[in-house]
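In what follows, a single structure is set out as structure tokens and then discussed.
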Amino acid sequence: MQDREDSLVGSRIVKLDRLREKGIDPYPPRYRRTSDTAAAVAEFEAWEKAGSQDEEASPAPEHALAGRIVSMRVMGRAAFLDIRDGSGAVQVMFRQNVLGDGYELLKDLDLGDFIGVGGQMLRTRTGEVTIEARDVTVLAKGMRPLPEKYHGLRDVEIRYRQRYLDLIADPEVMEAFAQRSRVINSIRRYLDGRGFLEVDTPILVPVAAGAHARPFDTHHNALNQRLYLRIATELYLKRLIVGGFDRVYEIGRVFRNEGIDQDHNPEFTLLESYEAYADYNDVMTMVEGMISTAALDARGTMSIPYGEEIIDFAPPWPRLQLKDELYRRSGVDIDEYPGDEALVRKMLQLGIDVGVRESRGRLIDKLVSTFVEPNLVQPTFLLDYPEDMSPLAKAKPGSPGYVERFEAFAAGMEIANSYTELNDPAVQRERFEAQESIRERYQDEEVDRLDEDFLTALEYGMPPTGGLGVGIDRLVMLLTGQASIRDVLLFPQMRSRREDQGEAESGEADALQ
RNA sequence: GGGCCGUUAGCUCAGCUGGCAGAGCACCGGACUUUUAAUCCGGGUGUCGUGGGUUCGAUCCCCACACGGCCCA
């Protein structure tokens, strides 16, 4: 921090010193306010409405309010400040004849400081509900200037790196995160109301299984063991179904060591739920109910504008067969291309950039995400996926090569993924082994990993179960109209600036020399 | 990983063909006892992202790097 007296910070240091010279603690331990600003304003307006003309019998309410100074209009021997707290803002009036020597404090106040103000509420000539300060207490001196009040904070890098400034500068940002909280709350209430038990499963795991993703790895010193950050909660939640819980869910952070873009952050929030004696049809009904309710709770309506579209989450949502829809959109009947080479040739014909060697599951995934997903604007279920891309899902009776799995889409984005869970331990072992052999054949490809302890659990018997995964951040994007995942994460992952990077990193570099 | 764009005062942004670094808000000094982006008078507070290069001279041209954004893979 610069300490030159002519700098913006420097002038605040001068004021801080002056406060201390006057015997004022610029960071006192507490301040007892009588109300927040919104409640005080509401109370005053109610008092006005009651309309007592007799100020003696019914004087205007008195309060001690506190907040951050967000604007100041100083006019000689009177001044108007706006202070803001978490509930809202209120105007404060300072007058020299009321405050006496206390009025001098104004000279040492800056935008950004927190103050407490005691006095009577009134309405000014221009109609603003105001507290007239009879006493003023400095609660916390701000040492840096705030972003400009009119244009706000436009620099997205600062908005993400210093989110607190973004929150100070833009009330809509605060509202978006309040909506996020309401979405998650609503989902919790929905599941709790249906008898689901919320649980916590390990984040540090010996095997990063349950999804196709690259994990972060770490090391536990005392155990001298390699550990991973979980990429999914699936296999632990299923162990709990084996253990006898009928309905469990977890809303937790998972970690995938992959790229960062508009809808990927290396850590994100995943909801997974498992319900014994249910199948993917039951889960579909639940997803419609849960997400439409979340829309209603967060936004007050099930019709949510997103980009150019209005997305209507009211159930029921159309249910389309993946195979049929893919054929309709691309002209490719995947069953006519049982061999991967024929499928690759067909895809190249269609102008899809197919890598040197890609597994069948991945090829089909590319077809679907190219031809089908972008067209699923209104909430839609896509049903019955090829087994190749779904190692944890149970086969669909009468449809060899397909499993009972659905994904839900809205605005072209995946918002849910669900299976009738595979509970045959021998088949599950074969599926894991098939995944491992894909890893060997197609080197760069991420596949699911074999979790021996999970197979042991399955061998004890898991009832028929319907499972669900929902990417909460993307759902919140949809429900709050945000185009980037960074706008629904308070602190999105950012690359450290070089000078900020930790000692460990440079230490390692030194050690290599 | 590739392409394009951005980085100038605390914030939001100008800065022409290479010639003394600019505005608004914020800030500092002064006036002002009912203001609402208060107003009026005076003041520019800067590592032009970083490091090289070209040039008499670089915010500007060239190269590399850093960080960010968008598009593509």
Side-chain angles (χ1 to χ4, degrees), chain A residues 1-16 18 41 69-84 89-100 102-104 106-113 119-133 142-170 258-265 347 351-356 358 362 365-366 369-370 444 483-487 492-501 505-506:
Chain A
M1 195 188 287
Q2 299 178 43
D3 55 2
R4 290 182 308 136
E5 291 199 0
D6 57 345
S7 76
L8 294 168
V9 172
S11 81
R12 288 171 185 246
I13 293 174
V14 169
K15 292 175 183 178
L16 185 75
R18 256 194 331 243
V41 169
I69 302 172
V70 292
S71 73
M72 260 200 276
R73 297 171 292 281
V74 181
M75 300 131 74
R77 283 177 281 279
F80 296 87
L81 331 192
D82 297 321
I83 62 169
R84 191 159 81 200
V90 71
Q91 180 169 260
V92 178
M93 177 162 62
F94 283 19
R95 286 200 294 175
Q96 193 180 46
N97 60 335
V98 174
L99 284 163
Y103 189 78
E104 291 301 303
L106 192 62
K107 285 197 168 63
D108 298 326
L109 295 179
D110 286 296
L111 294 183
D113 295 354
Q120 191 164 44
M121 305 294 292
L122 56 84
R123 188 177 287 275
T124 60
R125 197 177 293 164
T126 48
E128 183 90 7
V129 176
T130 300
I131 179 166
E132 171 154 32
M143 299 308 293
R144 291 176 183 269
L146 295 179
E148 194 232 16
K149 60 184 170 185
Y150 186 57
H151 296 93
L153 189 60
R154 296 271 176 79
D155 183 328
V156 289
E157 190 170 347
I158 299 176
R159 288 187 48 225
Y160 298 146
R161 285 189 197 276
Q162 296 177 272
R163 181 67 88 180
Y164 48 91
L165 293 179
D166 193 25
L167 291 165
I168 291 169
D170 188 352
E258 292 164 358
I260 297 175
D261 63 27
Q262 275 174 74
D263 40 32
H264 293 87
N265 194 67
M347 286 173 69
I352 299 178
D353 185 19
V354 182
V356 193
E358 299 189 55
R362 190 164 159 142
D365 188 45
K366 259 188 185 173
S369 53
T370 304
D444 292 333
S484 169
I485 197 169
R486 298 181 205 97
D487 293 320
Q493 193 63 49
M494 302 287 277
R495 191 190 290 272
S496 299
R497 283 184 284 244
R498 204 172 226 184
E499 63 267 29
D500 300 343
Q501 269 169 12
E505 200 119 346
S506 50

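Quick note on labels: first sequence line is chain A, next is B, and so on, each numbered from 1. Since we're looking at a predicted model, the values are computed, not measured.
With sequence neighbours excluded, no residue forms a side-chain hydrogen bond (donor to acceptor under 3.5 Å, both in side chains) with A/Lys149. Every residue meeting the side-chain contact (heavy atoms from CB on, under 4.5 Å) condition with A/Leu16, not counting sequence neighbours, appears here in chain and number order: A/Arg20, A/Pro26, A/Tyr27, A/Lys141, A/Met143. Residues passing the side-chain contact (heavy atoms from CB on, under 4.5 Å) test with A/Ala78 are A/Arg95, sequence neighbours excluded. Listed by chain and residue number, nothing satisfies the salt bridge (charged side-chain N to carboxylate O under 4.0 Å, His left out) test with A/Arg486 (two or more places apart in sequence, or in another chain). Evaluation of the side-chain hydrogen bond (donor to acceptor under 3.5 Å, both in side chains) rule for A/His264 yields A/Asp261, A/Arg474 as partners, not counting sequence neighbours. For A/Gln96, the side-chain hydrogen bond (donor to acceptor under 3.5 Å, both in side chains) test picks out no residue, with sequence neighbours left out. Remark: A/Leu122 engages A/Met93, A/Thr124, A/Thr130, A/Glu132 in a side-chain contact (heavy atoms from CB on, under 4.5 Å) (not counting sequence neighbours). Remark: A/Asp263 engages no residue in a salt bridge (charged side-chain N to carboxylate O under 4.0 Å, His left out) (not counting sequence neighbours). Remark: A/Glu148 pairs with A/Tyr150, A/His151 by the side-chain contact (heavy atoms from CB on, under 4.5 Å) rule, at least two apart or across chains.
For the OP1/OP2 pair of B/rC28 and a distance below 4.0 Å, the side-chain nitrogens and oxygens of A/Lys15 include at least one atom meeting the criterion.
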Hey, what are the protein-to-nucleotides 71-73 of chain B N/O distances that come in under 3.5 Å?
{"unit_1": "B/rC71", "atom_1": "OP2", "unit_2": "A/Gln262", "atom_2": "NE2", "d": "2.3"}
{"unit_1": "B/rA73", "atom_1": "O3'", "unit_2": "A/Asp353", "atom_2": "OD2", "d": "2.7"}

Nucleotides 13-15 of chain B: which of its N/O atoms have a protein N/O under 3.5 Å away?
{"unit_1": "B/rC13", "atom_1": "OP1", "unit_2": "A/Arg154", "atom_2": "NH1", "d": "3.4"}

Next on the checklist: Using a 4.0 Å heavy-atom cut-off to protein, can you give one letter per nucleotide of nucleotides 31-38 of chain B, 5' to 3': B if the base is in contact, S if only the sugar-phosphate is, - if neither?
Outcome noted: -BBBBBBB
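Scanning all heavy atoms of the two residues, the minimum distance from A/Lys366 to A/Asp353 falls at NZ-O, 3.0 Å.
With B/rA26, B/rC11, B/rG68 as the choices, the nucleotide that has an atom nearest any side-chain atom of A/Pro145 turns out to be B/rA26.
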